[in-house]
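Small disclaimer: the values here were computed from a predicted structure and weren't measured. Just so you know, these numbers use all the heavy atoms, side chains as well, and skip hydrogens, waters and symmetry mates.
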Number of protein chains: 2
Amino acid sequence: MLATSFTEENYLKTIFHLSTPQTVAVNTNAIADVLKTKAASVTDMLKKLAEKDFINYVKYQGVTLTPKGNQTALNIIRKHRLWEVFLVDKLNFKWDEVHDLAEDLEHINSTKLINSLDEFLGFPKFDPHGDPIPDKNGVLNEPALLPVSKMKINQTGIISGVREHTSVFLNYLEKVGLVLGKKILIKETIEFDGSVIIDIDGKAQTISRDVAKNLLTAV
Amino acid sequence: MLATSFTEENYLKTIFHLSTPQTVAVNTNAIADVLKTKAASVTDMLKKLAEKDFINYVKYQGVTLTPKGNQTALNIIRKHRLWEVFLVDKLNFKWDEVHDLAEDLEHINSTKLINSLDEFLGFPKFDPHGDPIPDKNGVLNEPALLPVSKMKINQTGIISGVREHTSVFLNYLEKVGLVLGKKILIKETIEFDGSVIIDIDGKAQTISRDVAKNLLTAV
DNA sequence: TATAATTTTTAGATTAACCTAAAAATTATA
DNA sequence: TATAATTTTTAGGTTAATCTAAAAATTATA
Ligand SMILES: [Mn+2]
Ligand SMILES: [Mn+2]
Ligand SMILES: [Mn+2]
Ligand SMILES: [Mn+2]
């Protein structure tokens, strides 16, 4: 009952990530998309997870996590993010190289290991992508960040997170100097294509709507 | 073809550990014993591993590793031992607490990760139990160690390894001060039960035949 | 609001890794 | 060296996680 397989853990994490305060319930197809599996397979797993009291599942109505499911998901996310910090801070990985490895490492189950790692890393509050790290009690402080696409002309902000973790996106950000902690100023937004001209390190830089939507700032 | 499952890796590692220079071939039952599975299951897997060219398998005659199987096993062992060093040196685990966790961590597959970890740890040559760590090319230097049970009266030696990795054994060794690096002298061997009286830190200590057989020294 | 489109579930298979029981081969022993 | 004991393999099933195709339910639209 308490044991969760690698696969079950990935489902719970995915349901967590697809749940937002606005979301009523997470859809079967959305889960299938993320996990690159088929809707029929998802339905099978949802029945199993509901049986084990990890999710609330009503046929055709989507799912929500139970408190137990939520805690389990938070624990996996804690492990994922702490391993990412380890890889970047201690093993000198780049921020675009750690996600896939953390997808595997997050399934290593040892409370002692993860709490020791947390201490070894100095109890970091954020991972290399600016995502907050749940503490050992599963408490997560999600800072209120604003996508660049929602910022106003002349508003300044500190780059503090990303919504995309792909290597190709993170590499691009690094190339144009849009790294965590950098201060930016909104100069102009182009209505035609949603691109944004920002001021970074005193010089103008145009970013596409796609980039602006996936780049988060603390304002 | 190149992908090896968690299970296949455990079989290859087990076959490696059961192979000694003297061994002609490893038996089905021996593998089943170590992996706590049934002989029929082992036979199934042996066919699969032979098909993938990891082992030489002749029905009823046991198995040997092919060069490819040997390299794969050495790589898993390299990972296992490096993770053990990490846990002890960096996360302050005791030497009796690391084996089971390393059994999981050894299946994380990333050459970059393991080589970075190796460097981070200062390219250790031995794990916390005195076992040698294969280098990145799979080269393993097995030092010639002597079990205490084979030492002669008045012979001295440095505790350098163990043949048993169970927590209960390692804890006992620690309790009586038989830790890696310690110098011992053989005072007397008791023919009746094979126990051995040794000199350690200037005082006499009796150890059983079982302990003497599982404790290795460099002489 | 009836029909069409979409989403979700069910039915029925497949695969990897395991199992028990029985058959076959090997090894030990009288 | 024939028979007994042991080891190993085969035969036939199970379970978790997946799949495709078809049926059922929900949602969108005319
Ligand atoms: Mn990640
Ligand atoms: Mn991250
Ligand atoms: Mn070990
Ligand atoms: Mn070891």
Looking for any heavy atom pair under 4.0 Å, which part of the strands does A/D44 touch: base, sugar-phosphate only, or nothing?
base
Contact class for A/T28 (heavy atom, under 4.0 Å): base, sugar-phosphate, or nothing?
sugar-phosphate
For C/dA13, which nucleotide is its Watson-Crick or G-U wobble mate, given both distances must be under 3.5 Å?
D/dT18
Among the nucleotides C/dC18, D/dT9, D/dT7, whichever has the atom closest to the side chain of B/T43 is D/dT9
Whole-Å distance separating the CZ atom of B/F6 from the P atom of C/dC18
10 Å
Partner of D/dA30 by Watson-Crick or G-U wobble geometry, both contacts under 3.5 Å, or none?
C/dT1
Which part of the nucleic acid, if any, lies within contact of B/S41, taking any heavy atom under 4.0 Å across all strands shown: a base, the sugar-phosphate backbone alone, or nothing?
base
B/Y57 OH to D/dT10 C1', in whole Å, measures 10 Å
Is any side-chain nitrogen or oxygen of B/N27 closer than 4.0 Å to OP1 or OP2 of D/dT7?
no
Assign the ring pair A/F86 / B/F120 to parallel, tilted or perpendicular, where the plane angle (0 to 90°) is split at 30° and 60°.
perpendicular
Please lay out, stage by stage, how B/N56 and B/T64 fare under the test side chain to side chain donor-acceptor pair (under 3.5 Å).
CA-CA 5 Å; B/N56 305 114; B/T64 56; 3.1 Å; yes
Less than 3.5 Å apart, any donor N or O on the side chain of B/N10 or B/H107 sitting next to an acceptor on the other?
yes
Flag for B/K94-B/N171: side-chain donor and acceptor within less than 3.5 Å
no
Give A/Y11 one of three labels, base, sugar-phosphate or nothing, depending on what nucleic acid heavy atoms sit under 4.0 Å from its own.
sugar-phosphate
Tell me whether the OP1 or OP2 atom of D/dT10 has a side-chain N or O from B/K59 closer than 4.0 Å.
yes
Of the nucleotides C/dT20, D/dT18, D/dT8, which has the atom closest to the B/Y60 side chain?
D/dT8
Describe, in one word, how the ring planes of A/H80 and A/H99 are oriented to each other, choosing from parallel (under 30°), tilted (30 to 60°) and perpendicular (over 60°).
tilted
Distance below 4.0 Å between A/K47 side-chain N/O and C/dT10 OP1 or OP2
yes
Any chance the side chains of A/N137 and A/R78 put a donor and an acceptor closer than 3.5 Å?
no
Who pairs with C/dT20 - Watson-Crick or G-U, where each distance is under 3.5 Å:
D/dA11
Round to a whole Å and report the spacing from CD1 of A/I31 to C1' of C/dT9.
14 Å
I want to check one thing: is the phosphate of C/dC19, taken as OP1 and OP2, less than 4.0 Å away from some side-chain N or O of B/T37?
yes
In whole Å, what is the span from the CE atom of A/M45 to the C1' atom of D/dC19?
14 Å
Take the protein atom CG of B/L46 and the nucleotide atom C1' of D/dT7, then report the distance between them rounded to whole Å.
13 Å
Roughly, in whole Å, what's the span from CG in B/L49 to P in C/dC18?
11 Å
Let me know the distance between CG of B/N29 and C1' of D/dA5, rounded to the nearest Å.
13 Å
Between P on C/dT8 and NZ on A/K38, what's the gap in Å once rounded to a whole number?
15 Å
Please determine, for D/dA25, whether a Watson-Crick or G-U wobble partner exists with both distances under 3.5 Å, and give it or none.
C/dT6
